[in-house]
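Notes for the one structure printed next.
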Amino acid sequence: MKTAVITGGGGGLGRALAAGLQARGWFCALLDLPGGFGALKDGAQQSLHACDVTDSEQVAATVAQIRAARPSLDLAVYNAGVTLIAPFAAMDPAAHRRAFEINYWGAVNLAAALLPDLRAAHGTHLAITSVAGFAPLKHRTAYAASKHAMTGFFTSLRGEEAPHGVRVALAAPSFVATNPGAEYTVNGIGRPGAATDGIDAMTPDQAAAVILKGLDQGRRFIPVGRVAALSALMMRIAPGLYERQMLKRMARESS
């Protein structure tokens, strides 16, 4: 039985991805903050691991624990993240840094810990980025920057790891309603999927199905949903038009 390591495993999309993989016969090791798993429990196809992905030592220790219990580690799913909605002029610099610590450095910490395992298994890095990882998004300067950083890191890692038989795939959802109505901190940070200005939001199950189908097909880039696919196309052929339409649409949705 192959093993997937999934960060943000207690959240809506993390759970949905785990359920989809388990239906394909996978074992899933889920990582999340203490108290982040809710009613989830260890079972025949999953194990739960309290871990702060911003702490590289914690991540290394957690991976060592999973490694000791499983015959191979075959898939890393970089799903942990936060959103940050605030105009840059009013943004708390500490919140900006925190978004990077979780969204970017959390992924880098896990990639470093799992690098030898995925090489040994000829496995796959699967980064859950965002439309904001390749396109601008209003009031998301810090969030978009962190997701652009993820995109740059993993697309560059692809070339380095290909000689070792390791795949790198990026999935870019638009809006996944994982935490509708969830509160934000005073500095604008919130759990992903809580935005009220989302356009054509998908459920976690819908998003996970698209992501795993793309993974099964061996795709390197997986736009998740109609808006993501259209955004990717427009950013290639008419980025100025995309930006104007995005600003107009989001103004309507938030009014």
Side-chain angles (χ1 to χ4, degrees), residues 3-15 17-18 28-38 40 46-67 73 75-86 88 91-118 125-130 132-133 137 140-157 168 170-173 176 178-179 182-195:
T3 299
V5 180
I6 305 175
T7 63
L13 184 56
R15 293 184 187 213
L17 288 165
C28 295
L30 307 181
L31 279 60
D32 213 315
L33 290 170
F37 292 109
L40 285 178
Q46 71 183 23
S47 58
L48 310 183
H49 305 268
C51 180
D52 181 350
V53 294
T54 69
D55 185 328
S56 60
E57 293 184 358
Q58 270 194 52
V59 171
T62 300
V63 168
Q65 179 187 13
I66 300 167
R67 183 185 294 130
L73 303 182
L75 172 65
V77 183
Y78 305 91
N79 174 63
V82 293
T83 189
L84 174 51
I85 302 179
F88 177 65
M91 188 177 297
D92 179 353
H96 196 149
R97 291 181 181 276
R98 184 62 178 164
F100 263 82
E101 285 291 333
I102 297 169
N103 295 351
Y104 175 72
W105 282 108
V108 170
N109 290 338
L110 183 64
L114 283 174
L115 207 64
D117 302 282
L118 295 182
H125 297 272
L126 172 60
I128 309 299
T129 64
S130 168
L137 198 56
R140 309 294 205 286
T141 50
Y143 176 73
S146 69
K147 291 296 187 177
H148 271 71
M150 275 186 76
T151 297
F153 174 79
F154 282 105
T155 53
S156 298
L157 185 67
V168 175
L170 287 83
V176 182
T178 50
N179 296 283
E183 294 184 358
Y184 288 78
T185 63
V186 292
N187 56 16
I189 288 181
R191 296 195 66 178

Interatomic spacing from [atom1] in [X] to [atom2] in [Y] - rounded to 0.5 Å:
| X | Y | atom1 | atom2 | result |
| --- | --- | --- | --- | --- |
| S47 | L40 | OG | CG | 11.5 Å |
| Y143 | I102 | OH | CD1 | 12.0 Å |
| L48 | C28 | CG | SG | 11.0 Å |
| Q46 | T3 | CD | OG1 | 12.5 Å |
| H96 | I189 | NE2 | CD1 | 10.5 Å |
| I85 | T141 | CD1 | OG1 | 11.0 Å |

Exercise for the section: Keeping the roles fixed (side chain from R15, backbone from F37), state whether a donor-acceptor pair exists under 3.5 Å. Expected result: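 Pair found, side chain donor or acceptor close to backbone of F37.
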
Exercise for the section: State whether the side chain of T7 and the backbone N or O of N79 hold a donor-acceptor pair below 3.5 Å, judged by distance alone. Expected result: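 Flag set: sc T7 to bb N79 pair under 3.5 Å.
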
Tell me the closest heavy-atom pair linking [X] and [Y], and the distance in Å.
| X | Y | value |
| --- | --- | --- |
| Y78 | A107 | CE2-O, 3.3 Å |
| A171 | P173 | O-CD, 3.4 Å |
| A99 | V82 | CA-CG2, 4.2 Å |
| A60 | A113 | CA-CB, 4.3 Å |
| G8 | D32 | C-OD2, 3.5 Å |
| F100 | A142 | CE1-O, 4.0 Å |

Exercise for the section: Taking the side chain as every heavy atom from C-beta outward, state whether H49 and I66 have any pair of such atoms under 4.5 Å apart. Expected result: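 Side-chain contact under 4.5 Å: yes.
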
Exercise for the section: Measure the acute angle between the ring planes of F154 and H125, then classify it against the limits of 30° and 60° as parallel, tilted or perpendicular. Expected result: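 Because their plane-to-plane angle lies in the 30° to 60° range, the rings of F154 and H125 count as tilted.
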
Handout entry: side-chain contact (heavy atoms from CB on, under 4.5 Å) partner of N109, the single match among D52, D55, V59, V53
Key =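 Testing each of D52, D55, V59, V53 against N109, the sole residue satisfying side-chain contact (heavy atoms from CB on, under 4.5 Å) is V59.
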
Exercise for the section: Not counting sequence neighbours, list each pair that qualifies as a side-chain hydrogen bond (donor to acceptor under 3.5 Å, both in side chains) and has a residue in residues 144-156. Expected result: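 Passing the test, one end in residues 144-156: N103-S146.
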
Practice task
Go through the steps for T54 and W105 under the test side chain to side chain contact (heavy atoms under 4.5 Å, CB included), then give the verdict.
Solution key: CA-CA 6 Å; T54 69; W105 282 108; over 6 Å; no

Handout entry: Contacts of R67 that satisfy salt bridge (Lys or Arg N to Asp or Glu O under 4.0 Å) - sequence neighbours left out
Key =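 Residues passing salt bridge (Lys or Arg N to Asp or Glu O under 4.0 Å) with R67: D117.
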
Practice task
Evaluate the criterion side chain to side chain contact (heavy atoms under 4.5 Å, CB included) for residue pair R140 and T83; output intermediate values, then yes/no.
Solution key: CA-CA 8 Å; R140 309 294 205 286; T83 189; 4.3 Å; yes

